[in-house]
Every structure is written in C-alpha cells, then in structure tokens.
Amino acid sequence: MIAKRYEKAELMEKQGINLYPNTFRKQIDIKEIKERYGELRNEELEKVEESFVVAGRIMAIRSFGKATFAHIQDQSGKIQIFLQQKELGNDKYNFLKKLDIGDIIGVKGRLFKTKTNELTLNVLDFELVTKSLRPLPEKFHGLKDVEARYRQRYVDLIVNPSTREIFRTRTKILKFIRKFLDERGFMEVETPMMQVIPGGATARPFETYHNALGMKLYLRIAPELYLKRLLVGGFEKVYEINRNFRNEGISTQHNPEFTMLEFYMAYADYNDLFKITEEMFSSLALEILGTQKIQYQGYEIDLTPPWNKLSFYESLEKIGGLSKKDYMDYTRAKQLVTQLGENVKHYETLGKVQTKLFDLLVEPKLIQPHFIYHYPTEVSPLSRRNEKDPTITDRFELFIAGREMANAFSELNDPRDQRKRFEEQIKEKAQGDEEAHFMDEDYIRALEYGMPPAAGEGIGIDRLVMLLTDSPSIREVILFPLLKPEK
RNA sequence: GGGUCGUUAACUCAGUCGGUAGAGUAUCGGCCUUUUAAGCCGAGAGUCGCAGGUUCGAAUCCUGCACGACCCA
C-alpha cells in the first residue's frame, strides 16, 4: 500500500506536480473561523464577503460525482470543506481525486452552512502542500495499539484528540507553575545535568564518559545540591524545572528520564512549604480543570485546603495499623516487611525498614491529599533535624492517589552535621547500597561559607500531569517515553 | 527478576475441533452535487511477531526468543 503511494507520487511528479512545495501560507487557524462564524445563519454568512485561507491535513473524504466533502485538520481543530467541479473546473477537480487522506492541503474558500447546519468552506481554490505516503489509521477507531501510540507518537497526535489534549494541558501546567513561582519572587535557573558527583537523591545514576577530559560523568538524579549552592551564593529564591535521570526500573509510575520541579527559599522552613504546596496544587487544579474536586481513575480527590497532616510514625499507627513495638524494634519490623513479601538487605537501617513498612501499608491508602511529616533522620541525609528530637527531620512528603507527589524539608545548613550524614551514606554504599549518596566535598565547602536557613521542595511534574489529566500511566504524559528498540 | 495476557492486511478486529487466510475502514476502478463512520457495484492487498518442534497437514498444539500491556517484587 505504501509502495502504491510511492508509485502514485512519482506519477504525479512526472506530471509536473510539486509534492513538497513550501510556498503556501495559511492566514488563519480553523478554530478562529469557527469561533467567529460558527453561530451565524446561512443568510448572514452570505454577507461575509471575505474568503479564508487555511491549511490542514485531510482527515476524511466523502466524494460524489461532481462534488466532494472533506474534513481538514490543523493545530486548532477541524473544518469541513466542500469542493465542486463547477466551481473548480475539470482539471482541478480531477486533481482532487488524486489526493489521499493524510495529505496536507492549502485551501481558499467562502463560508456557508450545509443542510445539517455544519459550518463549511466552499473551496474556490486549493493546492497540495505535502504528500503523505503512509495511510493513516482507521478514522473511526483511531490508533488504539498502545505500543504503536508510544513508538509513533506523531500518528497518535494526528488521530487521537485526547492525546493532543493531554500535552496541551501539560504545557499549561508548566506555564502555570512558572507563573506561580515567578509571582512569588522566585528566579528560574539551570544547573548541570551532567555531574561529576551525582547528588541530591537516593537513586542509581546513569554513567557516561567525557572523552576529551578522560573522565566519568553522571546524568543528574536531582539538581538539589547545585540549587542550594545558589542559596550560598546569595540568590534567595530559586527554582528549576528540568529532567532528572534515574537508572531504575520502568513502570506506569517511572520513566528513566522524568521532569522535576525543585524550588528553594531562604529564611523559610518546612512549615511555609505546607502552605505553598496547598496553594500551588489547589490553584493549579482550579486553573486547569475549573474545580478543586478532581476525578482520578474512579476516585474523587478533593484538593481544597487544608489537607490532612500526620507524622510519619502516626501514619504507621493510624493508617498502617502498627504499634510502636512493631516499627521501633528492628527485628520485628524486618520480620513484618518480609511477611509482606519484600526483602530487607543486611545494610538497611531501621529507618529504611520503617520506610518500607510505610510504602507497603500506608502509601497505597493515601488517596486524598496527605502530608506525612517528621521522617527518620537516617533516610533524610539532606534534611534539617528536628530541634526537639534529632532522630527525626523537619521534612514532609505529599501523597495523593496513593503516590508520592512532593518531597520537602527545612534544609540542613550545618556543614559539620552534613559531613556526618554523608559519611553514614558512604558506609551504606560500601556495604552494597547502590542508591546511597556520594560524598560531595565541594558541597560541604559551600556550606562552610554559610547557607542561610532555608526550605526546599521537589515536585514530580509527570505525576502531577497524570493526576490532572486522569492518566493511568506516566507514558501517557511523556511525549516520547523510553521503549526498547523494535527489532 | 516473577506471573498473566497480547502480537493475524496500513488501522480496528474475527478466525470454531489442527484441514484453501476473513470482515469493516483505508487503497485502486466504476456510479453518484448536501455528505459527515456517506451509499451502491467490482478489485488488489498477508513472512498470521521470530526460530524450532509435533503432525500427512499448524495462525491454531508444544518449546525457546523478541516486543508490549497489566499485576507482583
């Protein structure tokens, strides 16, 4: 079939038709025509002297002997066009018959309404703008095959309006967040994606190699340590929205590269972040969906502030159904995790085991927004310790729909404590924990100059887009998700 | 890493008990000036994911592999 189209194209070319001219210029988006004239009656449309010049992809053709209806689609929408032999002349009308669904054409026409009251362009002239050599998927069912939709996102975008909508929404969300932070005096910055020491998160990094420098480099797992260096440098409110890379499994929640927002503000603590987070999410929902009660995969989730707050240990008791004896005793806690079907490695500390209990027993139940605060210090190597209890940190995570949506804390700015925390991580790494943090001497040096007290937060943008577009998989909200090669 | 399911025409899908590979859309030809999943008549289109095995005979049964989806870890 593709071969047939190639033959046809060659034939057309022999007849002197340019299949890929770059001379046609559209003058208006289809949506604008519809907005301006969609409500007018035929008699009113007849008075519109203007003709309209649009371009778009042919999505459907309904051809009669001497007249043809078709739909063309541009970035803004679809409109019906009507082509008549008596209007176009024999040659042009015969040329029309050579066009295929999928071809891009330019059209000049006047508006009218059909018997079924559809706004339609009566074509005065048209030309081929781009020849399509591959047939589009079926008009009624569209492209359903998930693998094909991800591999050939361009086709998915042509034929599935819901896919286009998701990515428009994604862009709106990013715009809104930038505006939200800019209005509050934050400055957007860019920090290294390629790092000599990958820091700022507990994760396995991708490794790469710089030939000229003869040096191993890592793709960043987080921008955190660089953003905090900027606080040392004197910028008091900074944020970055960009890609992180983690060399881990792929699932409906994880893509190896994903988009993260991190923002840091000096002279603030984690209490300030509860409020900002509530404000950001609830105003974002209002902007995007027009409501704070959103539908997600069959759940109604109410983002109206204030949200639930529970300390980490409280949540293990109240939601996880555990007692202090269960989670404060290493042997007992480890036994519970094993019973629930997950492994505990020999180097994993009590804090880590408690986190596993949380992941298994609490996280999936946090459908409505919940802030969980005061995480164990062992699993929070960059967070400031609580003033009253140094075994926990002034840190929270936000959970919605059973998923971690944000991670926030008062920042640890004592270089002496930070060095100790890194040293603990080094020990864990030596024992085989590939996710443990690296020592970063330059970061310590920066803290030694003095970082103002600060609070910082990371928000996973892909998961946020999933939430607001009711998408079940992260691959639905990433334009080109990572897949293995086809063959 | 483990389990379940899927892979048949460009697309959406049938394919019974192992016995000639099917439909709709799309494409090509014909008819048709108000259709909109247009309609009617006709035609072409396939490495049945790949590689083995069982069998007189495999899209179908068996084994392995690849890719994907979902669930578990």
Side-chain angles (χ1 to χ4, degrees), chain A residues 1-9 11-12 34 42 45 57-73 77-90 93-94 96-103 109 111-123 131-161 204 248-255 297 337-345 348 356-357 359-360 363-364 402 471-476 481-487:
Chain A
M1 190 140 158
I2 293 156
K4 261 188 189 169
R5 286 235 181 150
Y6 267 85
E7 277 172 37
K8 192 171 168 183
L11 209 74
M12 288 168 82
K34 287 186 148 178
N42 236 336
L45 286 173
R57 191 184 294 276
I58 301 174
M59 299 305 288
I61 300 175
R62 292 174 295 281
S63 172
F64 300 80
K66 290 169 181 138
T68 296
F69 286 96
H71 270 100
I72 61 170
Q73 170 176 290
K78 265 189 218 180
I79 194 166
Q80 179 166 261
I81 59 174
F82 183 53
L83 307 100
Q84 297 173 93
Q85 193 175 44
K86 70 170 188 204
E87 186 74 57
L88 294 165
N90 284 351
Y93 195 78
N94 287 335
L96 167 69
K97 289 180 185 166
K98 293 206 177 71
L99 297 183
D100 293 304
I101 291 175
D103 288 352
L111 290 170
F112 75 106
K113 279 201 168 165
T114 60
K115 280 181 184 169
T116 49
N117 209 34
E118 177 165 351
L119 188 69
T120 302
L121 271 177
N122 185 22
V123 176
K131 184 70 195 150
S132 168
L133 297 175
R134 277 179 188 268
L136 284 180
E138 200 216 12
K139 60 188 162 194
F140 189 57
H141 296 93
L143 185 65
K144 279 242 171 65
D145 185 271
V146 185
E147 190 176 346
R149 286 185 45 234
Y150 296 159
R151 285 194 197 282
Q152 301 185 65
R153 184 68 91 183
Y154 38 91
V155 180
D156 189 26
L157 287 166
I158 291 171
V159 300
N160 293 326
R204 281 185 69 180
E248 292 164 358
I250 294 178
S251 76
T252 50
Q253 314 294 317
H254 300 88
N255 196 61
Q297 302 295 298
V337 169
T338 314
Q339 274 172 19
L340 290 162
E342 198 168 346
N343 296 322
V344 175
K345 305 239 171 66
E348 291 182 318
K356 287 195 173 183
L357 284 172
D359 290 348
L360 290 163
E363 180 171 340
S471 298
S473 163
I474 195 168
R475 293 176 158 201
E476 293 295 331
L482 186 71
L483 298 178
K484 286 196 192 180
E486 283 172 74
K487 263 171 203 172

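FYI, side chains are in, hydrogens and waters are out, and symmetry mates aren't considered; it's all heavy atoms of this structure. Letters go in sequence order (proteins before strands), and every chain restarts at 1.
Nucleic acid contact class of A/Arg475 (heavy atoms, under 4.0 Å, all strands): sugar-phosphate only. As judged by a 4.0 angstrom heavy-atom cut-off over every strand, A/Thr68 is placed among residues making no nucleic acid contact. At the heavy-atom level, A/Phe82 lies under 4.0 Å from base atoms of the strands shown.
Listed nucleotides B/U33, B/A26, B/G68 differ in distance to A/Ile101; the shortest reach to its side chain belongs to B/A26. Listed nucleotides B/U33, B/A37, B/A69 differ in distance to A/Val146; the shortest reach to its side chain belongs to B/A69. Which of B/U33, B/C67, B/U27 sits closest to the side chain of A/Phe64 comes down to B/U33. Of the candidates B/U27, B/U33, B/C67, the closest approach to any side-chain atom of A/Lys484 belongs to B/C67.
Every residue two or more places apart in sequence or in another chain that forms a side-chain contact (heavy atoms from CB on, under 4.5 Å) with A/Arg151 is listed here: A/Glu147, A/Leu483, A/Glu486. Under the salt bridge (charged side-chain N to carboxylate O under 4.0 Å, His left out) criterion, A/Asp100 pairs with A/Arg5, A/Lys8, A/Lys131, sequence neighbours left out. In this structure, the side-chain contact (heavy atoms from CB on, under 4.5 Å) partners of A/Gln339, at least two apart in sequence or on a different chain, are A/Gln335, A/Leu336. Partners of A/Glu118 under the side-chain contact (heavy atoms from CB on, under 4.5 Å) rule, at least two apart in sequence or in another chain, are A/His71, A/Gln80, A/Thr114, A/Thr116, A/Thr120. Taking the side-chain contact (heavy atoms from CB on, under 4.5 Å) definition, one finds that A/Asn122 meets it with A/Phe82, A/Gln84, A/Glu87, A/Phe112, sequence neighbours left out.
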Is there any protein nitrogen or oxygen under 3.5 Å from a nitrogen or oxygen in nucleotides 9-15 of chain B, and what are the pairs?
residue : atom : partner  : partner atom : Å
B/C11   : O2'  : A/Glu138 : N            : 3.2
B/C11   : O2'  : A/Gly142 : O            : 3.1
B/U12   : OP1  : A/Lys144 : N            : 3.1
B/U12   : OP1  : A/Asp145 : N            : 2.9

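Residue side chain A/Phe69 meets the stacking definition with respect to B/U35: its ring centre sits within less than 5.5 angstrom of the base's six-membered ring centre, and the planes differ by less than 30 degrees.
Smallest separation of non-hydrogen atoms from A/Leu136 and A/Ile58: CD1-O, 4.4 Å.
Atom NZ of A/Lys78 sits in a sparse spot, with 12 or fewer heavy atoms from other residues, nucleotides or ligands closer than 6.0 Å.
Spacing between B/G44 and B/U4 at atom C1', rounded to whole Å, works out to 40 Å. Between B/U60 and B/G6, the distance separating the two P atoms is 13 Å to the nearest Å. When the P atom is compared between B/G22 and B/A43, the two are found 14 Å apart, to the nearest whole Å. Taking atom P in both B/G39 and B/U25, the straight-line distance is 7 Å, to the nearest Å. B/A10 and B/A58 have their P atoms separated by 24 Å, with the value rounded to a whole Å. Comparing the P positions of B/C11 and B/C48 gives a spacing of 15 Å, expressed to the nearest Å. Comparing the same atom, C1', in B/U34 and in B/G49 gives a spacing of 46 Å after rounding to whole Å.
Distances shorter than 4.0 Å separate none of the side-chain N or O atoms of A/Arg62 from OP1 or OP2 on B/A37. Between A/Lys8 and the phosphate of B/C28, there is a side-chain N or O to OP1/OP2 separation shorter than 4.0 Å. Contact check, A/Lys4 against B/C28: no side-chain N or O comes under 4.0 Å of OP1 or OP2.
Using a 4.0 Å cut-off between a side-chain N of Lys or Arg and a carboxylate O of Asp or Glu, A/Asp359 and A/Lys356 do not qualify as a salt bridge.
For A/Gln80 against B/U35, a side-chain N or O and a base N or O form a donor-acceptor pair under 3.5 Å.
The pairing partner recorded for B/C50 is B/G64, the criterion being a Watson-Crick or G-U wobble arrangement whose two distances lie under 3.5 angstrom.
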